[in-house]
Amino acid sequence: MKGLALCLLVALACACRTYDTTYTDDAGGMCVKPHAQCSEGCVDVSSDRDNCGACGFSCGPLALCVSSTCVACPPNETACGTTGAAFCADLTANDQNCGSCGNACALGTSCKAGQCVCPLTTCGTACVDTTNDAMHCGSCTNACPSGAANEIATCTNSQCSILCAAPFADCDGNGTNGCETNLQTSASSCGACGRSCFTGGCSAGLCGATTYATGGTLGPLAVDATSVYWADRSASGAIFSAPIGGGAGTSIVSDNAATVLGVDASQIVWLHLNDEIDSVPVSGGSTTKLDQKSGVRGLAFEGGYVYYTLSSGPVMRAGEDGSSAPVTLTGATNPSAIAVDGANVYFADGAGDLFVVPVSAQNVPPTPFASGAQVSATIALDATHVYWVTGSGNIFRQTKTGATATQLASGQPIVTNLATDGVALYWGDASGIIDRMPVTGGIPVPITKAQPGTLRTVVVDSSRVYWSSDTLVGSTTK
């Protein structure tokens, strides 16, 4: 109490007043610059249009006050407001200041010659675009009829139509029962009509996954008509297989250093580290060394042969069972990514340019396919096109006849190879999700939840997409 009384006595003795940004804190209560004491009160003369630079000095209706100086508005514009928030506006065409400052036009109308007018159709008191308004479609009196279950009425180009309300779809094609299928939960149409989940049901539009292996230090992946193959690179690792529908994994051959894996015909082929290509029958047995050269960059498999690139330059071919000795197809400068079909081998050189050479070639010059392609590390093929990814995540395709390349997507965070079934492209992204996109381009769609570990390989067959990360091997419905 004594302290409070003393404070009150001091305040009264000093005749102090509360300090703010407009007045001084002395007993006189003078304005603080740039404010001045005018008839309206304490005014900021640096920005007030009616007191610009000094009390009573008006800039008039066609100028703003800037730093205590009147500055003219652009031609045909009027000054609105009086303080630092003042602005210039064309009152003949400004929807928020039409005819006079602060006169805002109603929704749907616009300012023409200083008047708020409806540029579309006036239905009662409303301004309506009858080309897309479902309540006034084509005319003020035509309201689009509501649809059946989970349907919404829409108006496009003055014509009524019915759309399904997300996430529902008309998967049975029966217009009388509306949009009957919930794409978020339907196990027979999960995420899209007809996408039937093999396992795990449908949740949030994603099918459940089949798990083949977890843990360890997992690596590359391959698939044939009946089995899934993967490499475990832990200390006691090996190459394993399991039935496509799921089941216990079976060790085929002991090797914990497989970095690339493929299966074709009756052989499993893999790259041991980066300097030895080995194979073994899919049923198991003795390992055959197909070639041993340092700097193997990429492998591709077709017709009983393995095709591979070496950092030293050659593009090579060897029989997968060891019956055909390695031969040089062509020379190149630091080739890397490689893909093969029944007729040709496509590969990228160190500059990212694409080349092509026949599968049966021996020591022939390669043919340029796509100069400046900027291929990073992956090429995919279907019956008619070659696809590739650049270092910045751009996806391109080009017909095998060599026409101009077409960009399909940009900036994709791709961390795996690119796979295709001729209908869509598949890849694993940096967030651990497997994405799908039509081969003609479009918006990539996730088809899995985020997977644990770093994604390594993606493979597709006629009905499933398979992937491996460093901690899991799995598959789901395409």
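Checking side-chain atoms of E180 against main-chain N and O of A149 turns up no donor-acceptor pair under 3.5 Å.
A distance of 9.5 Å separates OG1 of T328 from CZ of R317, quoted to the nearest 0.5 Å. Between the OG atom in S234 and the CG atom in D470 there is a gap of 12.0 Å [rounded to 0.5 Å].
In this model, C111 has its SG atom within less than 2.5 Å of the SG atom of C98. Cysteines C197 and C202 are not disulfide-linked, with SG atoms at least 2.5 angstrom from each other. Between C80 and C88, the sulfur-to-sulfur (SG-SG) separation does not fall under 2.5 Å. As summarised for C144 and C160, their two SG atoms come within a distance smaller than 2.5 angstrom, satisfying the threshold.
Screening P167, S189, C164 for a side chain to side chain contact (heavy atoms under 4.5 Å, CB included) with T181, the sole residue that qualifies is S189. Here the rule is side chain to side chain contact (heavy atoms under 4.5 Å, CB included) with W427, and of I395, V389, I434 only I395 fits it.
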Sequence neighbours left out, cut at 3.5 Å: what donor-acceptor pairs do the side chains of residues 344-351 make with other protein atoms?
from, atom 1, to, atom 2, distance (Å)
D349, OD1, A351, N, 3.0
D349, OD1, G352, N, 3.1
D349, OD1, D353, N, 3.0

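Looking only at atom types and distance, the side chain of S475 has a donor-acceptor partner in the side chain of Y212 under 3.5 Å away. In the model, N177 has a side-chain atom that pairs as donor or acceptor with a side-chain atom of D172 under 3.5 Å. A donor and an acceptor atom, one from each side chain of H272 and D255, are located under 3.5 Å apart. A side-chain N or O of T154 and one of S161 form a donor-acceptor pair less than 3.5 Å apart. Using modelled atom types, one finds no donor on one side chain facing an acceptor on the other under 3.5 Å when comparing N417 with R456.
Between F240 and G249 the shortest heavy-atom distance is CD2-C, 4.3 Å. Closest non-hydrogen pair, T440 versus R397, comes out as CG2-NH2, 3.9 Å. The shortest heavy-atom contact between V473 and L221 is CG1-CD1, 3.8 Å. Smallest separation of non-hydrogen atoms from T130 and S158: O-OG, 3.6 Å. For A450 against S431, the heavy-atom pair with the smallest separation is CB-O, 3.5 Å. Residue A373 comes nearest to W388 through the heavy atom pair O-NE1, 3.1 Å, listed as atom of the first residue, atom of the second, then distance.
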Going through the distances and angles, do K400 and D341 end up as a salt bridge (charged side-chain N to carboxylate O under 4.0 Å, His left out)? CA-CA 11 Å; K400 290 181 177 179; D341 59 19; 2.7 Å; yes
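Between D275 and K293 there is no salt bridge, since none of the side-chain N atoms of the basic residue sits less than 4.0 Å from a carboxylate O of the acidic one.
Residue pairs that meet the ring-ring contact (aromatic ring centres under 6.0 Å, His included) test with at least one member in residues 298-339, sequence neighbours left out, do not exist here.
In N157, the CG atom is not crowded: 12 or fewer heavy atoms of neighbouring residues, nucleotides or ligands sit closer than 6.0 Å.
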